[in-house]
Participant: 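Handing you a structure now.
Chain letters run A, B, ... following the sequence lines, proteins first, then strands; residues in each count from 1.
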Amino acid sequence: MLIYSNNFNLKHIADSGQCFRMNPVEDAKYSLIAYDKYIELTQVKDNCIELSCSEEDYNQIWKHYFDLDFNYEQIVTGLSEGQDDFLKNAAKFGNGLRILKQDIYETLISFIISQRKNIPAIKNCIEILCVKYGKRKISRECGGKEYYTFPSPESLANASAQDLKITGLGYRDRYILKTSQSVLKGDIDLKALRQLSFEETLKQLQTLSGVGIKVANCVALYGLHHIEAFPIDVWIARILKDIYNDQFNLEPYNGFAGIVQQYMFYYIRNKK
DNA sequence: AGCCAGGTCTTCG
DNA sequence: CGAAGACATGGC
């Protein structure tokens with residue numbers, strides 16, 4: 001089916017570092033695995049995307065996943081026409097970036113893995129984890145394509161420390177194990193986080209093993225859609241220091257700082 | 001080859 | 001308290 005939107009760019013989203021299982025398959029075409037589903041998406045035109053899914057899956061999953069009920073136009077135009085030169089360029093450069101609504105547990109585990117790894121390494125590591133601990137499935141829509149779902153909390157909580165060693169997790173293996181056990185035991189109720197305030201959510205997430213302020217903000221932003229979150233990693237920290245001399249004022253972007261952050265991150269990582 | 005990666009945890013002063 | 005050091009592995 002075809003979707004029309006002025007702010008929906010597959011390449012930018014795939015390279016945005018917020019999701020790790022969206023990859024190019026051929027020119028302008030991407031595969032994506034999320035919520036136990038496999039989908040292929042093609043950028044037909046700047047403002048037109050073709051999805052391989054049924055209308056039912058679109059309405060139940062993908063419309064929500066890509067945050068397509070939200071209009072990014074005003075915010076992105078606001079940035080690209082504002083007075084901040086860096087954000088102007090970032091907004092123009094990354095136009096079509098959106099903040100995805102990903103599964104909370106997958107986001108949590110993915111961003112625990114992300115610490116001190118580059119993005120290709122994160123992707124590889126997650127893929128190994130999925131093949132080893134996820135479910136093998138076949139996509140009907142996409143020519144019998146084989147894929148693996150993201151592991152459940154049970155499967156990772158019950159993984160042996162020995163087996164985890166060979167997944168390339170490094171020292172993060174114990175974080176994954178402990179956090180998955182916390183989720184499984186109910187020490188934390190990931191779904192219930194949706195009822196909490198942003199600040200309280202960050203606090204609860206940080207009780208988990210391997211989750212500090214940065215990962216907590218990423219989970220809040222990409223898994224719970226707190227678009228006021230502003231994760232500061234090494235790249236954003238460099239921007240704040242080098243471009244803004246540590247004087248960046250978030251206040252004008254109150255309530256959607258996460259979108260600003262995403263455009264900053266994409267721009268600094270991908271501009272020549 | 002050697003540095004660095006979407007940080008966190010522990011230890012030290 | 002805040003600052004420094006340790007941490008596993010792989011990509012480039």
Participant: According to salt bridge (charged side-chain N to carboxylate O under 4.0 Å, His left out), does anything in residues 31-48 of chain A pair up with another residue at least two apart or in another chain? List the pairs.
Facilitator: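 Qualifying pairs, neighbours excluded: A:K29-A:E40, A:D36-A:K135, A:K37-A:D57.
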Participant: Does either side chain, that of A:N89 or that of A:K271, offer a donor lying less than 3.5 Å from an acceptor on the other one?
Facilitator: no
Participant: Could you name each residue pair satisfying salt bridge (charged side-chain N to carboxylate O under 4.0 Å, His left out) that touches residues 81-105 of chain A, not counting sequence neighbours?
Facilitator: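 Residue pairs passing salt bridge (charged side-chain N to carboxylate O under 4.0 Å, His left out), neighbours aside: A:D67-A:K101.
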Participant: Grab the N/O contacts between the protein and nucleotides 6-8 of chain C below 3.5 Å, and write none if there aren't any.
Facilitator:
unit_1: C:dA8; atom_1: O4'; unit_2: A:Y171; atom_2: N; d: 3.0

Participant: Would you please confirm or rule out a distance under 4.0 Å between OP1 or OP2 of C:dG11 and any side-chain N or O of A:N124?
Facilitator: yes
Participant: Quick one: ring pair (Phe, Tyr, Trp, His ring centres under 6.0 Å) partners of A:H225, sequence neighbours excluded?
Facilitator: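 A:H225: no ring pair (Phe, Tyr, Trp, His ring centres under 6.0 Å) contacts found.
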Participant: Looking for any heavy atom pair under 4.0 Å, which part of the strands does A:S16 touch: base, sugar-phosphate only, or nothing?
Facilitator: base
Participant: Taking A:L10's backbone N and O only, do any of them form a donor-acceptor pair with A:Q43's side chain (distance below 3.5 Å, no angle check)?
Facilitator: yes
Participant: Quantified in whole Å, what is the P atom distance between nucleotide C:dA8 and nucleotide B:dA1?
Facilitator: 24 Å
Participant: Assign A:G210 to base, sugar-phosphate, or nothing according to its heavy-atom contacts below 4.0 angstrom with the strands shown.
Facilitator: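 Sugar-phosphate: the residue A:G210, judged by heavy atoms under 4.0 Å, touches backbone atoms but no base.
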Participant: Between A:L208 and A:P120, which is nearer to the 5' end of DNA chain B once each is assigned its nearest nucleotide?
Facilitator: A:P120
Participant: For chain A and DNA chain B, what are the first and last nucleotides along the strand, 5' to 3', with at least one atom under 4.0 angstrom from a heavy atom of the protein chain?
Facilitator: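 Result: B:dA5 to B:dC9.
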Participant: Report the residues that fulfil ring pair (Phe, Tyr, Trp, His ring centres under 6.0 Å) with A:Y133, sequence neighbours left out, ordered by chain and then residue number.
Facilitator: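 A:Y133: no ring pair (Phe, Tyr, Trp, His ring centres under 6.0 Å) contacts found.
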Participant: Kindly indicate whether the side chain of A:R21, heavy atoms from C-beta on, has any atom under 4.5 Å from the side chain of A:C130.
Facilitator: yes
Participant: Can you sort out which residues in residues 216-237 of chain A have a heavy atom within less than 4.0 Å of DNA chain C? Ascending by number, please.
Facilitator: none
Participant: Scan residues 259-272 of chain A against DNA chain C and write down, sorted by residue number, each residue with any heavy atom closer than 4.0 Å; if none is found, say none.
Facilitator: none
Participant: Roughly how far apart, to the nearest Å, are B:dG6 and C:dA3 at atom C1'?
Facilitator: 23 Å
Participant: Which whole number of Å gives the distance between the P atom of C:dG11 and that of B:dT8?
Facilitator: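 Here C:dG11 and B:dT8 have their P atoms 22 Å from each other.
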Participant: List in chain and number order the residues that pass ring pair (Phe, Tyr, Trp, His ring centres under 6.0 Å) with A:F256, two or more places apart in sequence or in another chain; answer none if no residue qualifies.
Facilitator: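 Residues passing ring pair (Phe, Tyr, Trp, His ring centres under 6.0 Å) with A:F256: none at all.
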Participant: Can you name the residues that form a ring pair (Phe, Tyr, Trp, His ring centres under 6.0 Å) with A:Y263, not counting sequence neighbours?
Facilitator: none
Participant: Return each pair, listed once, that meets ring-ring contact (aromatic ring centres under 6.0 Å, His included) where at least one residue sits in residues 83-125 of chain A; pairs must be two or more places apart or across chains.
Facilitator: A:F20-A:F111, A:F86-A:Y267, A:F93-A:Y266, A:F93-A:Y267, A:F111-A:Y222
Participant: Quick one: do the A:S16 and A:Q18 side chains pair a donor with an acceptor below 3.5 Å?
Facilitator: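 Their side chains do contain a donor-acceptor pair, which is all the 3.5 Å distance test asks for.
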Participant: Got a sec, which pairs hit side chain to side chain donor-acceptor pair (under 3.5 Å) with one end in residues 190-215 of chain A, sequence neighbours left out?
Facilitator: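 Non-adjacent pairs meeting side chain to side chain donor-acceptor pair (under 3.5 Å): zero.
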Participant: With distance as the sole test, does A:S5 use its side chain to make a donor-acceptor pair with the main-chain N or O of A:N7 at under 3.5 Å?
Facilitator: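 Yes, because the side chain of A:S5 sits within donor-acceptor range (under 3.5 Å) of the backbone of A:N7.
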